[in-house]
There are 4 protein chains.
Amino acid sequence: MILHLQNSLSKEQTAELALRHQAVFYSNAEHLIFVLPSAVKTVPEELKPFTEASWATDSDIQLASKAYRPDVREVRWGNTVIGGNTNATVMIAGPCSVESEEQLEVTAMLLQELQITNMRAGAFKPRTSPYSFQGMGEDGLKLLAKMREKYGFSIVTEVRDATNVEAIIEYADVIQIGAKSMYDHGILRRCGKANKPVLLKRGFGSTLQEFVQCAEFILSGGNEQVMLCERGIRTFETKTRFTLDLCGVSYLKQYTNLPVVLDPSHAMGYAYGVADLSRACVAMGIDGLLVETHPDPRVAKSDASQQLDHNEFRALMQTLNPIAHAVGRRMI
Amino acid sequence: MILHLQNSLSKEQTAELALRHQAVFYSNAEHLIFVLPSAVKTVPEELKPFTEASWATDSDIQLASKAYRPDVREVRWGNTVIGGNTNATVMIAGPCSVESEEQLEVTAMLLQELQITNMRAGAFKPRTSPYSFQGMGEDGLKLLAKMREKYGFSIVTEVRDATNVEAIIEYADVIQIGAKSMYDHGILRRCGKANKPVLLKRGFGSTLQEFVQCAEFILSGGNEQVMLCERGIRTFETKTRFTLDLCGVSYLKQYTNLPVVLDPSHAMGYAYGVADLSRACVAMGIDGLLVETHPDPRVAKSDASQQLDHNEFRALMQTLNPIAHAVGRRMI
Amino acid sequence: MILHLQNSLSKEQTAELALRHQAVFYSNAEHLIFVLPSAVKTVPEELKPFTEASWATDSDIQLASKAYRPDVREVRWGNTVIGGNTNATVMIAGPCSVESEEQLEVTAMLLQELQITNMRAGAFKPRTSPYSFQGMGEDGLKLLAKMREKYGFSIVTEVRDATNVEAIIEYADVIQIGAKSMYDHGILRRCGKANKPVLLKRGFGSTLQEFVQCAEFILSGGNEQVMLCERGIRTFETKTRFTLDLCGVSYLKQYTNLPVVLDPSHAMGYAYGVADLSRACVAMGIDGLLVETHPDPRVAKSDASQQLDHNEFRALMQTLNPIAHAVGRRMI
Amino acid sequence: MILHLQNSLSKEQTAELALRHQAVFYSNAEHLIFVLPSAVKTVPEELKPFTEASWATDSDIQLASKAYRPDVREVRWGNTVIGGNTNATVMIAGPCSVESEEQLEVTAMLLQELQITNMRAGAFKPRTSPYSFQGMGEDGLKLLAKMREKYGFSIVTEVRDATNVEAIIEYADVIQIGAKSMYDHGILRRCGKANKPVLLKRGFGSTLQEFVQCAEFILSGGNEQVMLCERGIRTFETKTRFTLDLCGVSYLKQYTNLPVVLDPSHAMGYAYGVADLSRACVAMGIDGLLVETHPDPRVAKSDASQQLDHNEFRALMQTLNPIAHAVGRRMI
């Protein structure tokens with residue numbers, strides 16, 4: 001159960017009450033917010049005098065629920081506004097990994113040409129093998145920061161684990177939590193205290209309930225700027241790398257108040273399907289799209305098979321706008 | 001390996017050669033077609049004198065492969081043409097089950113209003129419980145035939161098992177093989193000898209390879225009019241009934257020559273997501289769409305939760321045309 | 001809800017009452033049995049005068065439920081008794097497919113040597129490709145019948161679809177319904193009227209609920225001799241062919257009254273794991289085990305990778321008895 | 001490819017050679033060990049002079065492969081030896097979470113009574129909801145340390161994320177990496193430098209290949225004491241919490257050199273199946289078993305449904321020894 005309490009309570013009172021009622025709490029500009037276990041369905045007697053508003057929820061999807069906030073949250077960074085009433089679908093594009101300054105420069109040219117202002121690329125890569133490329137680390141983050149300075153891009157980049165979360169918070173405009181790190185409490189708890197937007201990817205073996213509950217860790221830590229990213233789940237089918245769960249996206253749009261971003265590149269795993277899937281995503285009226293593109297995918301140090309080359313990416317972009325318009329939105 | 005042989009061979013010669021080379025064979029207007037196991041990569045010496053053309057394939061996806069026929073097959077029935085160069089996306093709509101003449105009449109009005117000419121409804125239902133509604137059986141087929149006569153619709157209806165395949169072949173314009181019957185050899189083999197188009201649904205626990213190989217049973221029986229229908233696969237996610245596999249659809253479009261039809265209703269299992277998913281499907285440039293709609297879903301005898309009511313269906317149709325146009329197609 | 005009614009009702013009365021109460025019904029030696037939808041929780045007023053006993057159930061697992069019969073049913077054929085209080089674990093062994101009389105003879109020698117009296121082998125194979133070996137058909141059944149006559153074995157063999165169910169009922173001692181045919185209503189309904197035991201395999205994409213409900217089709221048709229066979233489900237893991245669901249077996253033992261047979265060969269897909277898994281199965285205290293063994297697996301026409309050769313099979317049998325004893329059972 | 005190099009190379013030479021050949025390296029008492037990407041199949045010319053032995057592998061399962069070490073590694077801590085030629089199956093038991101000193105004391109009595117010397121319990125819990133019990137944290141670790149001191153137990157406890165890995169390394173005898181943290185590079189890399197054994201649990205959405213490759217991160221960091229723990233994977237089946245993958249265990253035993261421990265409690269999710277599954281595990285000849293038991297499961301703060309009460313646990317232990325003996329092992 002969510003309670004909006006008067007902001008007038010002292011720190012000690014707050015802590016005491018929270019402890020007694022097993023509440024997680026934080027404050028924003030307007031309220032002191034208590035979140036009690038969802039099993040609680042009525043405002044406890046002791047808290048009534050301080051309570052200005054309350055919401056009971058079915059499950060531990062609480063702060064992220066439409067029951068709490070019927071409209072999609074607006075999330076902002078740099079010049080980008082996503083969600084809310086913007087009717088915008090934000091394209092976030094770039095290579096899988098930062099590989100060199102030259103690679104990022106060529107990518108920057110492409111984005112500028114297509115008026116895309118959000119660049120993605122990973123510096124700390126959560127690879128599954130210790131014997132393959134592990135990312136450029138902090139050097140990669142510095143190259144990304146250079147692109148921001150030079151071209152005015154916003155940077156979306158991934159935290160790998162709790163040992164590099166501070167570096168990502170420092171360098172990124174949007175903190176991306178990858179699928180393999182979705183449950184990482186070290187990251188989730190720290191991001192709850194960060195003042196930057198978080199793009200949380202769904203673990204490929206995780207249910208929608210678990211996914212949104214991981215967002216609850218960040219939200220209940222006090223960071224209200226969270227976006228959900230579906231990127232394919234693991235199923236028995238092996239002809240494609242993962243299975244993009246658009247049924248799940250319908251669920252997220254229906255029951256949660258968080259902007260939804262889709263990543264067709266990782267879902268498909270093969271460049272040939274990325275354009276078709278991107279079109280499907282845009283037709284669903286989603287808030288953002290994450291697409292991998294590389295100057296020369298054949299030599300990419302990671303995810304070589306699924307990155308579009310720049311011509312393929314240009315061709316894709318041309319087809320997305322008409323679909324966005326057909327569903328009352330526009331690509332930005 | 002596929003061989004086109006001269007049509008001049010005698011029946012006895014054909015049978016002898018087929019036996020010796022483990023070939024499945026059939027004839028169409030132009031050729032005698034032999035399909036040898038895919039492990040065979042070169043034309044056997046003995047068959048060379050009769051062979052006019054040959055195709056080696058990677059796997060037992062042979063007649064359905066782009067390697068054999070690079071373009072999508074055209075499939076025709078009634079006034080409908082699907083696949084090929086038609087750039088049409090065919091809407092096939094109607095209730096889950098035939099329940100009464102009145103129900104079909106109300107549905108017929110809706111389809112007529114929206115200029116939809118393909119009606120779907122099941123008469124033999126492969127229910128998972130023996131204690132729920134099992135369908136109207138042959139009485140249901142007769143009601144469907146009445147609608148065809150009265151309104152000029154084509155009828156798409158499902159065969160449940162080999163004991164009712166003859167009835168379906170008699171009454172239907174398109175024989176639908178349901179997900180639970182995908183592997184049914186009694187149905188597949190009989191449909192290979194039928195002269196009506198077949199809409200083969202993917203089993204929800206079946207790989208794409210198995211799915212297309214089941215189409216191969218029909219194709220290699222001599223029926224060249226086969227369509228593939230993705231309708232959701234079973235995954236660990238339980239918030240939605242199944243998971244629509246659009247990555248798999250990309251694969252089918254890339255590697256097979258069969259028209260692809262999508263069924264978002266069964267995938268989602270809930271009416272609220274059907275419109276969004278239908279839009280996604282159309283944006284992928286698919287050949288057909290199967291959507292369940294019922295005059296009053298609350299009282300439907302099967303699949304009550306996922307059928308659109310008629311107003312929801314009307315609203316959906318209005319949004320599909322602009323998307324179809326955006327990808328160079330039109331809804332019919 | 002299950003009702004035991006007096007056997008005194010006339011045919012017409014029975015049919016009328018069943019129709020009015022949406023009941024499936026059959027008679028056994030003692031009772032007329034009505035099964036109403038599980039939503040019904042109290043005996044309908046009209047049926048009370050005829051009702052001798054009644055059981056409400058949670059779901060449409062009714063006749064198969066422990067709520068109805070707390071003990072495991074005893075199923076009998078030839079000299080075999082399974083389930084009940086027998087504390088026997090029945091070994092059913094033989095090749096995947098009947099390939100020749102010689103092959104069956106060599107297998108018969110092995111079974112005789114090891115005092116195994118149940119032989120398995122398939123004659124109608126539900127293959128996934130039309131271009132591979134499809135089984136010997138009725139010729140295969142005749143060879144199996146010959147083995148029964150000559151060696152006194154009972155024969156367990158698979159029905160492929162409704163077009164060969166009569167042949168299987170005629171030749172087999174136990175009718176095996178394969179995983180791909182689990183939902184086949186043509187088979188299930190016909191087996192409900194057969195007077196031979198049925199071994200129903202779980203579809204690899206089917207839930208336990210669906211699995212047991214398919215058994216309900218047979219039971220409610222009047223055939224009370226049904227066994228459940230877990231043979232591996234399809235998961236994301238691809239190093240093994242399927243995943244043997246022993247958690248599911250615990251569920252079946254806890255909640256159903258049907259004997260449980262396990263098939264580790266199909267689950268594993270590789271001979272190297274079959275012995276270990278067979279030992280695990282026996283330690284769970286199950287009622288039967290289905291293991292594939294072939295005189296020379298390297299040349300087997302189907303499932304070559306997973307069949308044990310005869311020496312491996314002999315070695316396996318030696319290790320199973322001590323485990324069976326450790327859990328209070330014996331191998332037969 | 002794995003190379004054993006002479007220990008005589010200088011630090012600078014080693015680093016230079018490793019960089020040039022993309023090798024991960026570490027030293028143990030006998031060798032300097034280089035691991036090159038598995039694509040390398042022959043010893044590079046430059047490294048030949050220093051190479052004493054080499055092993056090419058099929059995939060990036062290298063140090064963990066039977067190709068490298070045909071026998072199962074022996075792992076030791078406290079009085080426990082696991083793997084190797086010990087023929088022991090180690091029981092590790094205790095509650096899901098540390099809840100109080102009293103709870104641990106009662107558990108300690110049980111373990112002492114049954115001569116079990118390895119106690120498990122979690123202090124940092126990676127819960128899926130922020131609104132439920134999160135574990136006692138470092139206070140919990142101190143209580144576990146107290147039990148070790150008082151009763152001589154070894155302590156197996158879980159690291160949640162990279163922010164508490166130091167605390168776990170300090171307090172635990174065996175560092176458990178939980179299913180949700182399997183991919184956590186912060187943990188894996190730190191554990192590679194720790195001198196304590198690691199019990200790595202398989203992520204429930206992770207393939208066997210990914211699972212063993214995570215072990216490779218630890219092994220290639222220089223910690224040779226790694227055990228693999230299968231604890232159930234996520235499938236479409238929902239009657240049980242997860243599906244214990246014993247086919248996968250066969251694979252691990254066949255292809256890897258790491259001891260295998262099984263956790264039937266988390267796989268099943270319900271106490272009723274834990275005993276049956278434990279017996280199945282022991283019959284497979286595995287190296288260890290992790291079972292949850294709680295003085296009063298009804299009031300447990302986490303995993304209440306799956307913990308055995310102490311009487312159920314006693315009863316289980318009595319049945320395991322005979323099965324262990326039947327497969328040539330003994331429980332310790």
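Reminder, nothing fancy here: chain letters follow the sequence lines and each chain counts from 1.
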Interface moiety of B/Val327 toward chain A, non-hydrogen atoms closer than 4.5 Å: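 When you check distances to chain A, only side chain atoms of B/Val327 fall under 4.5 Å.
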
Put together the list of donor-acceptor pairs under 3.5 Å connecting chain A with chain B, please.
| from | atom 1 | to | atom 2 | distance (Å) |
| --- | --- | --- | --- | --- |
| A/Arg202 | NH2 | B/Glu237 | OE1 | 2.8 |
| A/Leu208 | N | B/Glu237 | OE1 | 2.7 |
| A/Gln209 | OE1 | B/Lys239 | NZ | 3.0 |
| A/Glu237 | OE1 | B/Arg202 | NH2 | 2.8 |
| A/Glu237 | OE1 | B/Leu208 | N | 2.7 |
| A/Lys239 | NZ | B/Gln209 | OE1 | 3.0 |
| A/Lys253 | NZ | B/Asp276 | OD2 | 2.8 |
| A/Asp276 | OD2 | B/Lys253 | NZ | 2.8 |

Taking A/Gly269, A/Ala267, A/Ala280, A/Ala326 one by one, which has the highest count of heavy-atom pairs under 4.5 Å against chain B?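 Ranked by contacts with chain B, first place is A/Ala280.
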
If you count heavy-atom pairs under 4.5 Å between each of A/Ile233, A/Val274, A/Leu244, A/Val249 and chain B, which one has the most?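 Answer, by heavy-atom pair count under 4.5 Å with chain B: A/Ile233.
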
Closest approach of A/Ala283 and B/Ala283, non-hydrogen atoms and distance?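 Taking every non-hydrogen atom into account, CB-CB, 3.5 Å.
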
Using every non-hydrogen atom in the two residues, find where A/Met268 and B/Cys247 come nearest and quote the distance to one decimal. CE-O, 3.7 Å

Out of B/Gly328, B/Pro322, B/Gly205, return the one with the most heavy atom pairs under 4.5 angstrom to chain A. B/Gly205

